[in-house]
Novice: 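Okay, here's the structure, questions in a sec.
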Amino acid sequence: MHTTAGTKDRTLIVILGTIAALVLVALVVVFTRGAPAPFDPRTPEGVVQAYSAAVIAGDEDAAEKLLTAEALVGCGPVEHGPTNSLRVVLVSTTVRPKSADVVVSLVTSYDDGPFGASEYEFESNFDLVRADGAWLIETAPWELSICPNPTVTK
């Protein structure tokens, strides 16, 4: 009878040890996943990712380099909300020989409310064109639009 109790104890210890190991692995995965992997900067997705990251970081010089000259001609001051709580998620890409459409989901997070965190999410579109072998943004969603110097013509 003592051996049956000992076997049950060992089985329970193995089960609890396995559960603890799975919880530990899950925690490591969650806390070490970091930033999303960058797309190839020569692809439409990579250009949109680099542009969005630059705008969110407030680096208009870097963002401007990813726009067509036409995108900056005649643009006026752009008023968009704060970008520190904005996430940009790739939804789909349509690539043609000389143009591409990159659809993204823009997710804005707000402070916790009485029912938890609030988010507002909608899809928007980037239009890109191929110029001299490189992809450039022709139009961007207004939340990510910039106009660093409205008098500049490239």
Side-chain angles (χ1 to χ4, degrees), residues 15-154:
I15 290 172
L16 291 175
T18 303
I19 291 171
L22 289 173
V23 168
L24 182 62
V25 168
L27 288 172
V28 168
V29 168
V30 167
F31 289 117
T32 61
R33 60 181 182 174
F39 285 97
D40 182 342
R42 297 169 294 178
T43 64
E45 299 91 340
V47 171
V48 167
Q49 186 179 45
Y51 174 84
S52 299
V55 171
I56 289 170
D59 188 355
E60 289 187 351
D61 291 335
E64 181 180 357
K65 293 175 184 172
L66 300 170
L67 295 172
T68 63
E70 294 78 22
L72 293 173
V73 173
C75 70
V78 177
E79 294 291 330
H80 52 71
T83 56
N84 60 340
S85 61
L86 181 67
R87 281 183 307 148
V88 182
V89 180
L90 177 66
V91 174
S92 66
T93 305
T94 303
V95 180
R96 295 172 291 280
K98 296 196 182 265
S99 65
D101 298 319
V102 177
V103 178
V104 296
S105 176
L106 298 171
V107 183
T108 304
S109 299
Y110 300 100
D111 294 332
D112 288 341
F115 298 108
S118 297
E119 289 187 341
Y120 177 71
E121 178 178 359
F122 65 97
E123 289 185 6
S124 199
N125 191 55
F126 283 87
D127 295 318
L128 291 87
V129 294
R130 189 181 278 285
D132 298 325
W135 289 103
L136 295 173
I137 296 170
E138 191 170 54
T139 60
W142 71 268
E143 294 82 3
L144 293 169
S145 294
I146 63 165
C147 190
N149 187 351
T151 60
V152 170
T153 56
K154 291 184 175 183

Novice: Within the distance-only criterion (no hydrogens, no angle test), does the side chain of Q49 pair as donor or acceptor with the backbone N or O of F39 below 3.5 angstrom?
Specialist: yes
Novice: In Å and rounded to the nearest 0.5 Å, what is the OG1 to CZ distance from T108 to F122?
Specialist: 6.5 Å
Novice: Could you pull out the closest heavy-atom pair between A63 and A54, with the gap in Å?
Specialist: N-CB, 3.8 Å
Novice: Which pair of heavy atoms, one from R130 and one from P97, lies closest together, and at what distance?
Specialist: NE-O, 3.6 Å
Novice: Got more than 12 heavy atoms from elsewhere within 6.0 Å of CZ, R96?
Specialist: yes
Novice: Taking side-chain contact (heavy atoms from CB on, under 4.5 Å) as the test, write out the residues that go with P41, two or more places apart.
Specialist: none
Novice: So do the side chains of V88 and L106 get within less than 4.5 Å of each other, counting heavy atoms only?
Specialist: yes
Novice: Decide yes or no for V47 and L136: does some side-chain heavy atom of the first lie under 4.5 Å from some side-chain heavy atom of the second?
Specialist: no
Novice: Are Y51 and I146 packed together at the side-chain level, in the sense that at least one heavy-atom pair is separated by less than 4.5 angstrom?
Specialist: yes
Novice: Could you grab the distance from atom CG of L72 to atom CG of L67, nearest 0.5 Å is fine?
Specialist: 5.0 Å
Novice: Please give me the minimum heavy-atom distance between T68 and E138, naming the atom from each residue.
Specialist: OG1-CA, 3.9 Å
Novice: Hey, what do you get for OG (S52) to CD1 (I137), rounding to the nearest 0.5 Å?
Specialist: 6.5 Å
Novice: Within the 4.5 Å heavy-atom criterion, are L144 and V104 side-chain neighbours or not?
Specialist: no
Novice: Atom CD in E45, atom OG1 in T93: separation rounded to 0.5 Å?
Specialist: 3.5 Å
Novice: Please examine the side chains of W135 and V95, heavy atoms only from C-beta on, and report whether any two atoms are closer than 4.5 Å.
Specialist: yes
Novice: How long is the span from the CG atom in D127 to the OG1 atom in T94, to the nearest 0.5 Å?
Specialist: 10.5 Å
